[in-house]
There are 2 protein chains.
Amino acid sequence: MSFIESYRCGVEMVKAGGTLIREHQSGGRLYTLYSGWAFRYKTLSDGRRQILNFLLPGDLVGLQQEFSDAALHGVEAVTDCAFCAFDADGLWSMFREHARLAYGVTWLAARGEGMVDDNLLTAGRRSAIERVAVLLVHLYRRLDRLGLAEGASVDFPINQQHIADALGLSLVHTNKTLRRLSEMGMHEISGGRLRLLNPRALARIAEYYDAIPRPVPLL
Amino acid sequence: MSFIESYRCGVEMVKAGGTLIREHQSGGRLYTLYSGWAFRYKTLSDGRRQILNFLLPGDLVGLQQEFSDAALHGVEAVTDCAFCAFDADGLWSMFREHARLAYGVTWLAARGEGMVDDNLLTAGRRSAIERVAVLLVHLYRRLDRLGLAEGASVDFPINQQHIADALGLSLVHTNKTLRRLSEMGMHEISGGRLRLLNPRALARIAEYYDAIPRPVPLL
DNA sequence: CGGCAGTTTGAATATTATCAAGGGATGTGG
DNA sequence: CCACATCCCTTGATAATATTCAAACTGCCG
């Protein structure tokens, strides 16, 4: 634990709606989300925005900023967020000196990529109603695994624009699809909470299969 | 170099059209593509397929198989391929004993994720013509960086079904869009080769910006 | 000369986007 | 306490985009 501390260079607080990493800003830092909801995104020059994935507590951000030669992504907070920051310049020495930690970083990175893979399948090949169903079930399960579900209901701070941007749909169509699902008795969103009323049917629409969850390494 | 060898457990040859990793098969191996073209993909139960990204020489595959709790992907060869296989069970000992290598693995993983991010932006937010343009420019540039371009022309072993599956479009629409681009004088595909006739205009349509490429670590 | 895999085309249909406008809650300043 | 501004959700109408279906065409290989 003490060496984790040595790499940590502090906590970064970001207000709801604020930006942790600006798009095209090449980083130098690695973050772990400690509390709150955030998301990674990319935009085209005319403003079309794609949310790459939502970040929940325990998720890692910023590795690509350090490594990638592909274009970069931004990170924005949905709610007030606390991020643990690590010095990415020290990443190499972390690999040399603390293999366990490095392994954890790689683990989290691979997990993150798996998430984006799923989202790409969704955006590329699912219909609007399937996409929305996937999103609802997926977020619910992630929160549930974090112990943040209260029965069938979870905190749900994102709005329909976020959902549209995550799924590659227009705002209007997202609204109509969401409405359709709730009229089918699938779910209910109100007061910033999501409640799944028929999780099995939703999962069937979403064709959402969970693999065996593994415990997340501490970081 | 000698310790790279110690982790290598041989070369795996896959014939064109053959499968390196079956979907839902949880791995235990890590691969580096040595020669040929391949792709990672996911399918839905009714057969809709999404290609997550194309693999070119130097790319890493299989890390998620080892780590991820998300659903898994398959890997299929487009042309005859040679993969270098590493024992993933030895991954942890690699991190402990050969930080340099482990760092390289993580580097490649992050690079791979960046690629999927781009593809998600494309599938989610670009129009058909933009998607096709992105694909052509992107593949051309990747090959060029590998020294595999001959002037404006590169080997192009994929067919329109591959392109459709990579972009989240139907085969028919992909065909019409491709045709439209070539009638605009953008490119030419014939005899298994792609030639970019107007790279600048294509890149403008694609809104494709390269970041500064960095040298790829050897593995 | 088939036969096959991949490409091309047209027509009809479905899905999704865009445009325009209204509604409801919440908050703020006068 | 009211007026009004803002943000988000909702709805209907219309248009654009992409899919599906069906069929023909091409080049290549045995």
Side-chain angles (χ1 to χ4, degrees), chain A residues 15-18 37 44 46-51 76-79 122-136 156-184 187-194 205, chain B residues 15-18 37 39 44 46-51 76-79 122-136 155-184 187-194 205:
Chain A
K15 284 244 168 287
W37 286 50
L44 296 173
D46 62 0
R48 283 174 287 178
R49 179 173 76 168
Q50 177 67 40
I51 290 181
E76 188 177 311
V78 176
T79 65
T122 295
R125 285 304 182 205
R126 284 194 238 243
S127 69
I129 199 168
E130 292 168 338
R131 296 187 206 189
V132 174
V134 166
L135 183 96
L136 297 179
F156 202 70
I158 61 179
N159 62 30
Q160 298 187 353
Q161 185 66 66
H162 289 121
I163 299 178
D165 287 346
L167 299 178
L169 296 170
S170 71
L171 174 60
V172 173
H173 199 59
T174 299
N175 175 285
K176 289 173 181 171
T177 307
L178 223 27
R179 190 123 284 280
R180 188 140 68 97
L181 278 172
S182 83
E183 272 160 15
M184 289 164 70
H187 77 285
E188 192 178 81
I189 295 174
S190 72
R193 292 193 71 82
L194 161 70
I205 294 173
Chain B
K15 285 243 166 290
W37 285 50
F39 59 88
L44 295 173
D46 62 359
R48 283 173 288 178
R49 180 173 76 168
Q50 177 67 41
I51 290 181
E76 189 178 310
V78 177
T79 65
T122 295
R125 286 302 184 205
R126 285 195 239 243
S127 69
I129 199 167
E130 292 167 338
R131 295 187 206 189
V132 174
V134 166
L135 183 96
L136 297 180
D155 237 355
F156 203 70
I158 61 179
N159 62 30
Q160 297 187 353
Q161 185 67 65
H162 289 122
I163 299 178
D165 288 346
L167 299 178
L169 295 170
S170 70
L171 174 60
V172 173
H173 199 56
T174 299
N175 175 284
K176 288 175 181 170
T177 307
L178 222 29
R179 189 122 285 280
R180 188 140 67 96
L181 279 172
S182 82
E183 273 161 14
M184 288 163 70
H187 76 286
E188 189 179 82
I189 295 175
S190 73
R193 293 193 70 81
L194 161 69
I205 294 172

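Owing to the predicted nature of the structure, the values given are computational and were not obtained by experimental measurement. Naming convention: chains lettered A, B, ... in sequence-line order (proteins, then strands); numbering from 1 in each chain.
A search for side chain to side chain contact (heavy atoms under 4.5 Å, CB included) contacts involving A166(A) returns I51(A), F54(A), L135(A), not counting sequence neighbours. Checked against side-chain hydrogen bond (donor to acceptor under 3.5 Å, both in side chains), D155(B) has no partners two or more places apart in sequence or in another chain. Remark: T174(A) engages no residue in a side-chain hydrogen bond (donor to acceptor under 3.5 Å, both in side chains) (not counting sequence neighbours). T79(A) pairs by the side-chain hydrogen bond (donor to acceptor under 3.5 Å, both in side chains) definition with nothing, not counting sequence neighbours. Applying the ring-ring contact (aromatic ring centres under 6.0 Å, His included) criterion to F156(B), with sequence neighbours excluded, gives no partner residue. Listed by chain and residue number, D165(A) satisfy the salt bridge (Lys or Arg N to Asp or Glu O under 4.0 Å) test with R125(B) (two or more places apart in sequence, or in another chain). In this view, Q160(B) and L171(B), N175(B), L178(B) satisfy the side chain to side chain contact (heavy atoms under 4.5 Å, CB included) rule, not counting sequence neighbours.
Proximity of L167(B) to T177(B): side-chain heavy atoms (C-beta onward) are nowhere separated by under 4.5 Å.
Note: S127(A) OG to I205(A) CD1 = 9.0 Å, rounded to the nearest 0.5 Å. Put simply, CG on L169(B) and CD1 on I129(B) are 11.5 Å apart, with the number rounded to the nearest 0.5 Å. For the atom pair R48(A) CZ and L44(A) CG, the distance stands at 5.0 Å (nearest 0.5 Å).
Closest approach of G18(B) to E76(B), counting heavy atoms only: O-CG, 3.2 Å.
Screening residues 172-182 of chain A for salt bridge (charged side-chain N to carboxylate O under 4.0 Å, His left out), with sequence neighbours left out, gives R179(A)-E183(A).
Proximity of residues 171-180 of chain A to DNA chain D (heavy atom under 4.0 angstrom from any strand atom) is restricted to V172(A), N175(A), K176(A), R179(A).
Judged by closest nucleotide on DNA chain D, N159(A) is the one of R125(A) and N159(A) placed further toward the 5' end.
In the 5' to 3' direction, nucleotides of DNA chain C lying under 4.0 Å from heavy atoms of chain A begin and end at dT16(C) to dC19(C). Taking 4.0 Å as the cutoff to heavy atoms of chain B, we find the contact window on DNA chain D bounded by dA18(D) to dC21(D).
Relative to the axis of its first five pairs, the axis of the last five pairs of the helix from dC1(C)-dG30(D) to dA21(C)-dT10(D) sits at 30°, rounded to 10 degrees.
Among the protein residues, G168(A) comes within range of the sugar-phosphate backbone only, with heavy atoms under 4.0 Å from sugar or phosphate atoms but none that close to a base.
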